[in-house]
Asker: 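First the structure, which I've put down as structure tokens, then a few questions once you've had a look.
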Amino acid sequence: MTSAEDLLAGTSVSAEGRFHYDPASPVDPLGDADQEAEKGTKHNRAKVGSGRPSSLLYTYGPGAIMDLPQFTVMPAGLDDWDRIWRRRDGIPQIRAPRLRDVVRMLLRSPDVQLRPYPWQPKKNMHSTEGSDLGVPARVFPQWLRCTGCDMLAGLAQFDYRNTHPFRTDLAGFEHAKCTGRPGRNGRGGRKAARRPAVPARYLLACVDGHLDEFPYDQWVHHGQGCAQAEFPALRMVDRTVGKGASAVIECASCGLRRPMTEAQGEVGRTKLPDCRGRHPHLDAFDVNGCKNKTKLILVGASNLWFPATQSVIVMPESKAERAADVADEIRLALGDKLVKYRDDLDTLRDVLDGRVDVTELSDAQLADAVSAADQPSTSREEQEERIRDWDPVELLVPEWDYLQRDPIGPHQEDPASGLTLSKMERGQDLPASITRVLAVERLRKVNALVGFTRIDDMDRVGDLPRRLAPLTRTERPAWTVATEDRGEGIFLQLDGDAVAAWESRILSTELWEDHRDAHRRNFERRFSETAETVHPDTRLKPPRYWLVHTLAHVLIRELAMTCGYSAASLSERLYAWPSAPGRAPAAGLLICTTASDSDGTLGGLVQLSSPDRLERVVSAALYRAERCSSDPICAMRTPQDPEDFLHGAACHCCVMASETSCEKANRFLDRRFLLDLPGSDIGFFASVR
């Protein structure tokens, strides 16, 4: 099979020595369109499709494969997005200092900023505003199959058509002189005509995030060259579409045939080539190569791309947080010139004018900000130690702490963050263990992408950071993409003392021991080389998390029947952790719905926080949770060796929610922690009868 070294002749090495890539052939679709316009041709229009910001963050981000009507593309790495941003005088930023600091830590880059997707609204469909903005992408995979004659070849063998300015769905590749499938005489039986071509759907992936084209020519010839032609004519014969690796690769030049079924399974993996360390979204290869074995994967496979994201609900900043943010803005604005101006505050104000707003700072406050900005950066060792010790719960603690404060009055709004809260009265029939209810009338949620994984999601390989594929060729990116959503929600807080007492009882039950054992088996079997060095219990969520998580799911199901939003549009944010150094215990949840539109959502959810309506919702949710159409099987489900599933009395008929709603992929759920089910008496809310 072709090695990486055979493809690297004439390439360059990135400044940090991380990747081999060719800087002479950048991904620049708008630049290509400009060149075509100068030549007077119109056959190459840059735009090929569109997507919502949320889908580009969670489904089709850099390194993913996006399905278009006629072919597939892969959004490029963030280095190539800079060519899009250079067409604008200013680059917008999304302000979320708490999230930005965490992203900087995870990306090991002190200067990272959060940017939205390059987009601008149009006044009407024929307007040109924002035509110079968009997400650059490359066609991938670049092996295509003609639907008329089964010819299998690279992009160069097909014609690209994209001439309609307002019908990007018509863009596609065609085989210009297709004569149809060969008949008994070995020749096509139809007159030459244009036939559409579709992507050849097989790829090679490895656990470290690399992805490569499948080497069809090498495969059919068993790693050797064709005996009859230097550039053999290949065909992909596939008569059972949708049934896995069912195609057969044929060489029309020498007559060899080889089915793709040979590449499946554990035996098939031994026949596949080693990974070449390719990152197609960066148009680069790892400079040190890759020693992993590859795995056959389909273009539309659900485990082809897992985003690694972090998110926060933006809370009002304290004075200390605001001062730290101003210091950071000064550091980024001045760079190396900070040393020059730090002792001359009058000149410093003039230099910062229009770049950083320091008009409200006194000289003493400005001096403190400059001093903070001039602090030396942390060492690489300190950085790695912080990443190793960091707990994602740290992003939730400030939110929980702020939500503990009662609003001064109804509709208390923070102008900077947009957070608007109202404390709601508790209904008499609301379970006593629900102690506080807040109507979150407006909120702003910011989500940032820090990388992605393949084959296994980040939650399952978190102890092996090298499996997080990079978004840029540079080791220290200057920015990452983020989205900003606005919406509403309902916050419920449980009685902390009652939860603590219940949790201490659960820890000694046989059911909890069964869940612990199942989690240990799951942890040790997962796809991670370092699982043995991490104790499984450090990754097991405490009983209170199972309780709050299950409660959130049953509430989402009930709220969806009343609030006007679908269950998939409602999401949970869980605050459930025991006491630990530096943070108080938490037991609460926020059910929210958000939208990327600047106007946010419509208010149907927050209206259900009124006492009488919330009573009915909670009562109905708990009542429905007592029963499942899969009972008694569901109600008594407990993982036993060798089973390793991470849920108990929970299934899609009663508790489980859609992927967009659940933050833990329907793990850590059990109705028995919520209610007393037949054969169980450990429910926090006991029976609702």
Side-chain angles (χ1 to χ4, degrees), residues 85 89-116 310-387 389-390 394-399 401-402 405 413-419 444-446 448 450 474 476-480 482 484 582-583:
W85 285 120
D89 294 333
I91 300 176
Q93 308 286 345
I94 293 179
R95 193 170 182 281
R98 188 159 52 90
L99 176 62
R100 181 201 60 203
D101 292 343
V102 169
V103 170
R104 286 177 175 179
M105 175 194 67
L106 296 176
L107 293 180
R108 299 169 174 82
S109 179
D111 301 333
V112 171
Q113 296 294 319
L114 306 180
R115 295 184 188 175
Q310 298 293 337
S311 64
V312 297
I313 293 177
V314 181
M315 296 287 165
E317 296 179 10
S318 64
K319 292 182 178 179
E321 291 172 332
R322 177 55 187 160
D325 191 44
V326 170
D328 184 74
E329 292 178 4
I330 293 174
R331 179 182 64 83
L332 292 176
L334 296 183
D336 296 337
K337 295 182 180 179
L338 178 61
V339 177
K340 179 179 179 181
Y341 298 115
R342 63 184 177 187
D343 297 325
D344 188 350
L345 296 184
D346 291 336
T347 305
L348 183 65
R349 290 182 184 274
D350 294 337
V351 173
L352 293 175
D353 187 30
R355 303 169 71 180
V356 181
D357 184 12
V358 295
T359 55
E360 297 182 0
L361 299 183
S362 65
D363 286 348
Q365 291 173 328
L366 180 58
D368 291 340
V370 171
S371 177
D374 197 31
Q375 293 297 314
S377 58
T378 57
S379 66
R380 179 64 65 94
E381 292 75 16
E382 293 173 331
Q383 209 172 46
E384 294 301 324
E385 182 180 0
R386 185 184 176 198
I387 293 175
D389 297 338
W390 183 72
E394 292 181 20
L395 277 176
L396 299 173
V397 172
E399 298 175 16
D401 290 343
Y402 187 82
R405 311 173 190 173
E413 180 180 3
D414 175 66
S417 65
L419 186 69
R444 183 165 66 96
K445 185 180 180 183
V446 180
V450 297
T474 56
R476 293 193 170 190
W479 65 279
T480 190
E484 190 173 25
R583 63 173 181 247

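Remember, predicted model here, so these are calculated numbers, not experimental data.
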Asker: For a 4.5 angstrom cut-off between non-hydrogen side-chain atoms, does Q365 reach K319?
Answerer: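 Result no, sub-4.5 Å side-chain heavy-atom pair not found.
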
Asker: Is any side-chain heavy atom of S379 closer than 4.5 Å to one of Q383?
Answerer: no

Asker: Using a 4.5 Å cut-off on heavy atoms from C-beta on, say whether the side chain of W390 contacts that of L395.
Answerer: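 The answer is yes, as the side chains (C-beta and beyond) meet within the 4.5 Å cut-off.
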
Asker: Any heavy-atom pair between the side chains of L352 and L334 that's under 4.5 Å?
Answerer: yes

Asker: How long is the span from the CZ atom in R100 to the OG1 atom in T480, to the nearest 0.5 Å?
Answerer: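 Rounded to the nearest 0.5 Å, the CZ-OG1 separation comes out at 14.0 Å.
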
Asker: Would you say E484 and P116 make side-chain contact, with heavy atoms under 4.5 Å?
Answerer: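 Of all side-chain heavy-atom pairs linking P116 with E484, none is under 4.5 Å.
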
Asker: When rounded to the nearest 0.5 angstrom, what distance separates CZ in R95 from CD in Q113?
Answerer: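 That separation rounds to 10.5 Å.
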
Asker: Considering residues at least two apart in sequence or located in another chain, which fulfil the salt bridge (charged side-chain N to carboxylate O under 4.0 Å, His left out) criterion with E321?
Answerer: none

Asker: To check you understand the geometry: which heavy-atom pair defines the closest contact between L114 and A448, and what is its length?
Answerer: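 Heavy atoms of L114 and A448 come nearest at CD2-CB, 4.0 Å.
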
Asker: Do R322 and E360 meet the salt-bridge criterion of a basic N to acidic O distance under 4.0 Å?
Answerer: no

Asker: Using a 4.5 Å cut-off on heavy atoms from C-beta on, say whether the side chain of S109 contacts that of W479.
Answerer: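 They are not in contact (no side-chain heavy atoms under 4.5 Å apart), so the answer is no.
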
Asker: Identify the heavy atoms of G90 and P92 that sit nearest to each other, and give their distance.
Answerer: O-CD, 3.9 Å

Asker: Please report the shortest heavy-atom distance between A96 and V312, naming the atom on each side.
Answerer: CB-CG2, 4.5 Å

Asker: Output all residues satisfying side chain to side chain contact (heavy atoms under 4.5 Å, CB included) with R349, sequence neighbours left out; order by chain, then residue number.
Answerer: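 Side chain to side chain contact (heavy atoms under 4.5 Å, CB included) list for R349, sorted by chain: V358, D363, L366.
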
Asker: Shortest non-hydrogen contact from R104 to V112?
Answerer: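 So the two residues come closest at NE-O, 2.9 Å.
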
Asker: Test of understanding: with side chain to side chain contact (heavy atoms under 4.5 Å, CB included), list the residues that count as partners of D111, not counting sequence neighbours.
Answerer: R331, L332

Asker: Do T378 and R386 pass the side chain to side chain contact (heavy atoms under 4.5 Å, CB included) test, and can you show the C-alpha distance, the side-chain angles, and the key distance before you say yes or no?
Answerer: CA-CA 10 Å; T378 57; R386 185 184 176 198; over 6 Å; no

Asker: Please round to the nearest 0.5 Å and tell me the distance separating atom OG of S417 and atom CD of E413.
Answerer: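 Rounded to the nearest 0.5 Å, the OG-CD separation comes to 8.5 Å.
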
Asker: Can you tell if the side chain of E385 reaches within under 4.5 Å of the side chain of R380, non-hydrogen atoms only?
Answerer: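 Heavy-atom side-chain distance check fails, nothing below 4.5 Å.
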
Asker: Y402 and side chain to side chain contact (heavy atoms under 4.5 Å, CB included): which single residue from I313, V397, L419 fits?
Answerer: L419

Asker: I need the minimum non-hydrogen distance between Q310 and L106, along with the two atoms involved.
Answerer: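 Looking at all heavy atoms of both residues, the closest pair is CG-CD1, 3.8 Å.
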
Asker: Looking only at heavy atoms, which two atoms of A369 and A327 are closest? And how far apart?
Answerer: O-CB, 3.4 Å

Asker: For the pair E384 and R108, find out whether any cationic side-chain nitrogen is under 4.0 Å from an anionic carboxylate oxygen.
Answerer: yes

Asker: Decide yes or no for V102 and V450: does some side-chain heavy atom of the first lie under 4.5 Å from some side-chain heavy atom of the second?
Answerer: no

Asker: With side chain to side chain contact (heavy atoms under 4.5 Å, CB included) as the criterion, how do L345 and L348 come out once you've worked through the C-alpha distance, each side chain's angles and the decisive distance to 0.1 Å?
Answerer: CA-CA 5 Å; L345 296 184; L348 183 65; 4.1 Å; yes

Asker: For side chain to side chain contact (heavy atoms under 4.5 Å, CB included), just list the numbers for R444 and V446, CA-CA rounded to whole Å, side-chain angles, deciding distance to a tenth of an Å, and then say yes or no.
Answerer: CA-CA 7 Å; R444 183 165 66 96; V446 180; 3.8 Å; yes

Asker: Can you tell me how far apart CG (D325) and CD1 (I330) are? Round to the nearest 0.5 Å.
Answerer: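 Going from CG on D325 over to CD1 on I330, the span is 10.0 Å.
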
Asker: At what distance, to the nearest 0.5 angstrom, does CE of M105 lie from CG of L107?
Answerer: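 Here the interatomic distance stands at 9.5 Å.
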
Asker: Kindly compute the distance separating CG (D101) from CD (E394), expressed to the nearest 0.5 Å.
Answerer: 11.5 Å

